Amino acid sequence: MSLFDHSIKELEEKLHNKEISVQDLVKTSLDRINEVEDKIQAFITIDEENAMKQAKELDENPEEKALFGLPIGIKDNIVTKGLRTTCASLMLDNFNDPLYDANVVEKLKDQKSVTIGKLNMDEFAMGSGTEFSYYKSTKNPWNTDYVPGGSSGGSAAAVAAGEVLFALGSDTGGSIRQPAAFCGVVGMKPTYGRVSRFGLVAFASSLDQVGPITRTVEDNARVLEVIAGHDERDSTSANLEVPAYTETLTNDVKGLKIAVPKEYFGEGVTEEVKEAVKSALKVYESLGATWEEVSLPHSKYALSAYYLLASAEASASLARYDGVRYGYRSETGKNMIDMYKYSRSEGFGEEVKRRIMLGTFVLSSGYYDAYYKKAQKVRTLIKNDFEKIFEEFDVVMGPTTPTTAFKIGEEVDDPMTMYANDILTIPVNLAGVPGLSLPCGFSKEGLPIGLQVIGKHFDEATVYRVAHAFEQATDFHKQRPNIGGAAK
Amino acid sequence: MGNVISKEKVMHVAELARLHITDEEAEKLTDELKSIIEHAQLLNELDTSDVEPTTHVLKLTNVMRKDEPKEWITQEEAVKNAPDQKDGQFRVPSILSE
């Protein structure tokens, strides 16, 4: 049994009672990395020396704080002062010495959590399999022939494999929830504005959110309590009180009204996934909740609207990489404009360039109204769909993904097939509501299936309470992958 | 609106995006963008003439703060991650073509 089989709450108590030390925890992490990282390939940077040094210091000066001394991993698009931050791109391969910490990192450092390293991802968070990393393809701990999902694939895989206790990811169209589903862990995309985006490298700024990936719902709630809250350096950050989420986990879902959109069980969703989610709904019935089939009629338009909007925003966000102030510079090109062009063409990977091209096109003169503005209007309709349902229901539920994890190399050829992976997570980003994925079953090949729980704006508390009640009634979250070696 | 993506259009967009693309890449991108834009024609099924566009989901107003100088970064820090720098300045190739 690994120390990481304990909950965050238990580990906080054990540390406080001196049953374990921070060094024990950090060593658990580093030993496990030694054991399985060759197979999983979750990390871009491992900060072993600093982690051990910090653990020793913390053991000498113990404090009673949430997340104190706990070993964590951070997705490599979240800026860490003095610790290389690459976005899994050649463009930032030499970005060795960032000048500041992201707000979420500041908060974790205030609590004295120990950063073990930076986690692999699709380049600039664009992808669904962590196959578009400049460095390497991360493997799914449940079966290393399969992808861990993406773009926060390194984060989900590292947590599932027990390499860190929890990790931070980012979610623009499903990038926390989809890999959490594929790796059998819990991933939360909070309400847009709940967590500061200061120091999260921008992909699509009206959609991006940082969130926790953990083994259990309770752990997830504990992490969000710490990282959420207002930050004046993010002008879209909401100035609202952050509830004590862990105190709302009452297990009580009696009288809860669940909306189940029929569109989330359509074409492309496998029978196994449908069955697992239907079984989950039966569990909720047995706990005293009721569910009803509803319609979110504009769901089928979400995928196209998302790719137009996210790519448009990305083309603007990524304009800053010009080879001047930081990042990659090409040696080709004798004047300034050519230097820009060659630096960007050589520094960005294929998928990133595809989206910059799409985004530049939809924003270009003559096409703006037909594509970009049209997509923004469709976004309004999708948002209205959710608002209407939430007048009558407490949560929306469905699968997180249409299928279980796909094989490495299987889907990268055709962009539209690949993008369809995110069809059930994208509407949540467009509407800005919170969404969480938690394990609800396994396919016959033994790959995890995710249940998605979607809540009202800023009502993460209900999402956690509802997800926690299911988790306590089932055993899916207690299953561990058999990675080989000394893994359980 | 029919499909408007052509190889010439792709070359023009690459120019706007400050990307250098080869002939071969332009052809591949033409096909890929065609397929994505074709899929996006689906949105035209919807009558959105009376719908307001959403840029942000939250009801946000402009956020103001006092304009006060603060410690941020030093000049030395500002250039330390630059690919080329000299005397605390970013160094770049000539701006005018030769």
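Worth saying up front: this structure is predicted, and the values here are computed from it rather than measured. Values below: every heavy atom of this structure, side chains too, minus hydrogens, waters and symmetry copies. Each chain gets a letter, A, B and so on, in the order its sequence line appears, and its residues count up from 1.
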Going by the ring-ring contact (aromatic ring centres under 6.0 Å, His included) test, which pairs reach into residues 41-83 of chain B, not counting sequence neighbours?
A:Y100-B:W72, A:Y192-B:H56

Highest number of heavy-atom pairs under 4.5 Å with chain B among A:Y340, A:Y328, A:Y301, A:F95 belongs to A:Y301

Taking side-chain contact (heavy atoms from CB on, under 4.5 Å) as the test, write out the residues that go with A:D93, two or more places apart.
A:R84, A:L90, A:Y134, A:Y135

Chain B: which of A:A319, A:G193, A:A431 shares the most heavy-atom pairs with it under 4.5 Å?
A:A431

Evaluate whether atom CD of B:E27 has more than 12 neighbouring non-hydrogen atoms of other residues, nucleotides or ligands under 6.0 angstrom away.
yes

Less than 4.5 Å apart, any side-chain heavy atom of B:K80 and any of A:L99?
yes

Heavy-atom distance under 4.5 Å to chain B: side chain of A:L207, backbone, both or neither?
neither

Among residues 228-236 of chain A, those lying within the under-4.5 Å heavy-atom range of chain B are A:E232, A:S235, A:T236

Contact part of A:L358 toward chain B, heavy-atom cut-off under 4.5 Å: side chain, backbone, both or neither?
both

Using non-hydrogen atoms only, which part of B:L58 is less than 4.5 Å away from chain A: side chain, backbone, both, or neither?
side chain

Residue from A:T191, A:T380, A:L381 scoring the most non-hydrogen pairs under 4.5 Å with chain B is A:T380

A:Q376 side chain near B:T54 side chain, heavy-atom distance below 4.5 Å
no

So which part of B:E45 gets closer than 4.5 Å to some heavy atom of chain A, the side chain, the backbone, both or neither?
side chain

Heavy-atom check, side chain of A:K341 versus side chain of B:E15, under 4.5 Å
yes

Within the structure provided, determine whether A:I337 and B:I95 are in side-chain contact (heavy-atom separation under 4.5 Å).
no

A:K353 and B:E32 ion-paired at < 4.0 Å:
no

Distance-minimising heavy-atom pair for A:S345 and B:H20:
OG-N, 2.6 Å

Quick one: closest heavy-atom pair of B:P93 and A:M336, and the distance?
O-SD, 3.9 Å

Beyond-backbone contact of B:L16 with A:S364, side-chain heavy atoms, under 4.5 angstrom
yes

Which bit of B:L19 comes within less than 4.5 Å of chain A, counting heavy atoms only: side chain, backbone, both or neither?
both

Relative to chain A, which of B:E25, B:Q85, B:K9 shows the most heavy atom pairs under 4.5 Å?
B:K9

Heavy-atom distance under 4.5 Å to chain A: side chain of B:V63, backbone, both or neither?
side chain

So A:Y419 and B:I36, do their side chains get closer than 4.5 Å, heavy atoms only?
yes

Taking all heavy atoms of A:N96 and all of B:N81, pick out the closest pair and write down the distance.
N-OD1, 3.9 Å

Where do B:A40 and A:S304 come nearest, in terms of heavy atoms and distance?
CA-OG, 3.5 Å

What's the shortest heavy-atom distance between A:G323 and B:P83, and which atoms?
O-CG, 3.3 Å

Can you find a heavy atom in the side chain of A:F361 that is under 4.5 Å from one in the side chain of B:V10?
no

Can you say whether B:E52 sits under 4.5 Å from chain A via the side chain, the backbone, both, or neither, judging by heavy atoms?
backbone

Mind checking whether B:V4 and A:Y371 have side chains closer than 4.5 Å, heavy atoms only?
yes

A:H298: partners by side chain to side chain donor-acceptor pair (under 3.5 Å), with sequence neighbours left out:
A:D385

Region of B:I73 that comes under 4.5 Å of a non-hydrogen atom in chain A
side chain

Taking atom NZ of A:K388 as the centre, report whether more than 12 heavy atoms of other residues, nucleotides or ligands fall under 6.0 Å from it.
no

Under 3.5 Å, is there a donor-acceptor pair between the B:T48 and A:K374 side chains?
yes

B:V51 to A:K377 - nearest heavy-atom pair and separation:
O-CE, 3.2 Å

Kindly say whether B:A82 contributes a backbone atom to a donor-acceptor pair with the side chain of A:R325 at under 3.5 angstrom?
no

Ranked by heavy-atom pairs below 4.5 Å to chain B, first place among A:R344, A:H457, A:E313 goes to A:R344

